Amino acid sequence: MKNPFEKMPTVLFADELIDKAFRRAEKAASAATPRGKPLYKAREREELRIRTVSQVLRDNLKKILDRTPGVSTLPPFYRELLDTLVDRNTFHRSLASINWAIKTLKTLEDRYVEKIRYSRDTNEISKLRRQFYGRAASIIKDIGDNLEYLNKARNVLKDLPVIDLNLPTIVIAGHPNVGKSTLLRQLTNAKPEVASYPFTTKGINVGQFEEHWLKYQVIDTPGLLDRPLSERNEIERQAILALKHLGKVIIYIFDPSEYCGYPVGDQMHLFKEIYEEFREFPFIVVLNKTDIADEEKIQKVESFLRGMRIEPIRIIAKEGEGIEELKKRLIEIIKPEMEAIVLRNTGRSLDG
Ligand code: GDP
């Protein structure tokens, strides 16, 4: 699945759009060579100006609508993401206002062209045209805030990383500096396609790896799953919801060396929260930096986890140690589901 906002066009500001339309109308009018009586010439020229202004404005607006996915057509993950980045209601209202402007312009255009056709006075004809210009400009100014909003939204949305909604996705969690991005790089070593974009102001890392001809996706969301719940705001909660639509497994990282700056007590506390928050997900817990951690701290975390019936894996992410075992465990969890998908799509089982 591609980024659904990839094709969104640049959105001009109200003034830019009005200028563009007027300029094009002048160009069209000066290129035209109407013939006949002055009255006919005036009619023809002013009608051309009105039609051109309206056409340019409507075409530009329509392009925005055509190339921007409607909120209701988005997969749930992108809908939640839209909220974290730009607020989906404002986004939806802005698109609706553009639709309104297109219709209103067309009605106005037809009304003024008709008036001009019935007029027998060249002065009145150019006055009508000026009136139309004024009213068309004010329609665009009315939606000026919406255009500005969509312009900004587009700049954020066009750079969303390619997150494949069909791939089984592994979400990495744990305090800052415990080794999340190091692990992501290790897991996705074969094909590092790491992208970043403003996600709750910090960026998101996405990588993929292939195992047994199946692709997996690993994501790390700095700033999101690395703090207690009470410190999260509404937007971050929304982002967590987005992760829930996407994720299949959570890898939780402990750093028993405490070099990350968080005592293991804090880490156990955060783990409990995330475990509770994502209780419907399978978890794999790793103890990282076992090359520099005290055995006593390692065992403290291990016995805490065993109390919750969780068997952690010791790793050294920096050296790639324990990664194979971790992958094996990931596949054990994800494979049954993948098999069901492959079976459904091809009628064949993975092993046969
Ligand atoms: P993140 O903030 O959770 O993504 O953490 P990083 O992946 O950026 O790692 C933080 C620091 O820990 C970096 O300096 C890493 O090199 C270091 N680090 C990561 N894994 C290990 C490990 O297994 N052993 C040691 N000694 N250092 C590690």
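All figures in this text were calculated on a predicted structure; none of them were measured in a lab.
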Check: If you measure from CD1 on Ile284 to CD1 on Ile313, what distance do you get to the nearest 0.5 Å?
Finding: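 So the gap between those two atoms works out to 6.0 Å.
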- Query: Roughly how far apart are Glu258 CD and Asp294 CG, rounded to 0.5 Å?
  - Reply: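 Going from CD on Glu258 over to CG on Asp294, the span is 8.0 Å.
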State whether [X] and [Y] are salt-bridged, where the test is any N-O pair (Lys NZ or Arg NE/NH1/NH2 against Asp/Glu carboxylate O) under 4.0 Å.
X: Arg314; Y: Glu302; value: yes
X: Lys106; Y: Glu109; value: yes
X: Arg306; Y: Glu311; value: yes
X: Glu332; Y: Lys328; value: no
X: Glu114; Y: Arg117; value: no

- Other residues, nucleotides, ligands: >12 heavy atoms within 6.0 Å of Glu295 CD: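 Result for CD/Glu295: enclosed.
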So does Arg51 have more than 12 non-hydrogen atoms from other groups sitting under 6.0 Å from CZ?
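Atom CZ in Arg51 is packed in, count exceeds 12.
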Point to revise | Side chain to side chain, Leu108 and Phe132, heavy atoms closer than 4.5 Å | key: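 With C-beta onward as the side chain, the pair touches.
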Stacked cation flag Lys115 on Tyr112, 6.0 angstrom / 45 deg:
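Yes, Lys115 sits over the ring of Tyr112.
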**Request:** Establish, for the pair Lys289 and Tyr259, whether the NZ or CZ atom is under 6.0 angstrom from the six-membered ring centre and no further than 45 degrees off its axis.
**Result:**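 Verdict for Tyr259: no cation-pi partner in Lys289.
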**Message:** Tell me whether Leu150 shares a hydrophobic cluster with Leu105, the cluster being built from Ile, Leu, Val, Met, Phe, Trp, Tyr side chains joined at under 4.5 Å.
**Reply:**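 Yes, same cluster.
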Steps toward side chain to side chain contact (heavy atoms under 4.5 Å, CB included) verdict (Phe281, Lys244):
CA-CA 9 Å; Phe281 286 80; Lys244 285 189 177 177; 4.1 Å; yes
Under 3.5 Å, which donor-acceptor pairs link side chains of residues 61-74 to any protein atom two or more places apart or in another chain?
| residue | atom | partner | partner atom | Å |
| --- | --- | --- | --- | --- |
| Lys62 | NZ | Asp66 | OD2 | 3.1 |
| Thr68 | OG1 | Ile64 | O | 2.7 |
| Thr73 | OG1 | Gly70 | O | 2.7 |

* To do: Determine which pairs satisfy ring pair (Phe, Tyr, Trp, His ring centres under 6.0 Å) with at least one residue from residues 38-64, sequence neighbours left out, and list them in order.
  =>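 Output for this query is empty, none listed.
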- Task: Give me the ring orientation class for Phe271 and Tyr252: parallel if the planes are under 30° apart, tilted from 30 to 60°, perpendicular past 60°.
- Result: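 If you compare the ring of Phe271 with that of Tyr252, the planes turn out perpendicular.
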- Between Phe91 and Phe5, what is the ring plane arrangement, given parallel below 30°, perpendicular above 60°, and tilted in between?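 The rings of Phe91 and Phe5 stand perpendicular, inter-plane angle above 60°.
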Between [X] and [Y] (side chain of the first, backbone of the second, donor and acceptor by atom type, cut-off under 3.5 Å), is there such a pair?
X: Glu16; Y: Phe13; value: yes
X: Lys180; Y: Gly174; value: yes
X: Arg154; Y: Met8; value: yes
X: Asn288; Y: Val178; value: yes

Can you give the donor-acceptor pairs under 3.5 Å from side chains of residues 123-130 to other protein atoms, not counting sequence neighbours?
| residue | atom | partner | partner atom | Å |
| --- | --- | --- | --- | --- |
| Glu124 | OE1 | Ser119 | OG | 2.6 |
| Ser126 | OG | Asn123 | O | 3.2 |
| Arg129 | NE | Glu46 | OE1 | 3.1 |

What verdict does the ring-ring contact (aromatic ring centres under 6.0 Å, His included) test give for Phe22 and Tyr133, after you've listed the backbone C-alpha separation in whole Å, the side-chain angles of each residue and the deciding distance to 0.1 Å? CA-CA 8 Å; Phe22 286 179; Tyr133 269 30; 4.2 Å; yes
For the residue pair His175 and Asp266, what are the closest heavy atoms and their distance?
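Closest approach of His175 to Asp266, heavy atoms only: CE1-O, 3.6 Å.
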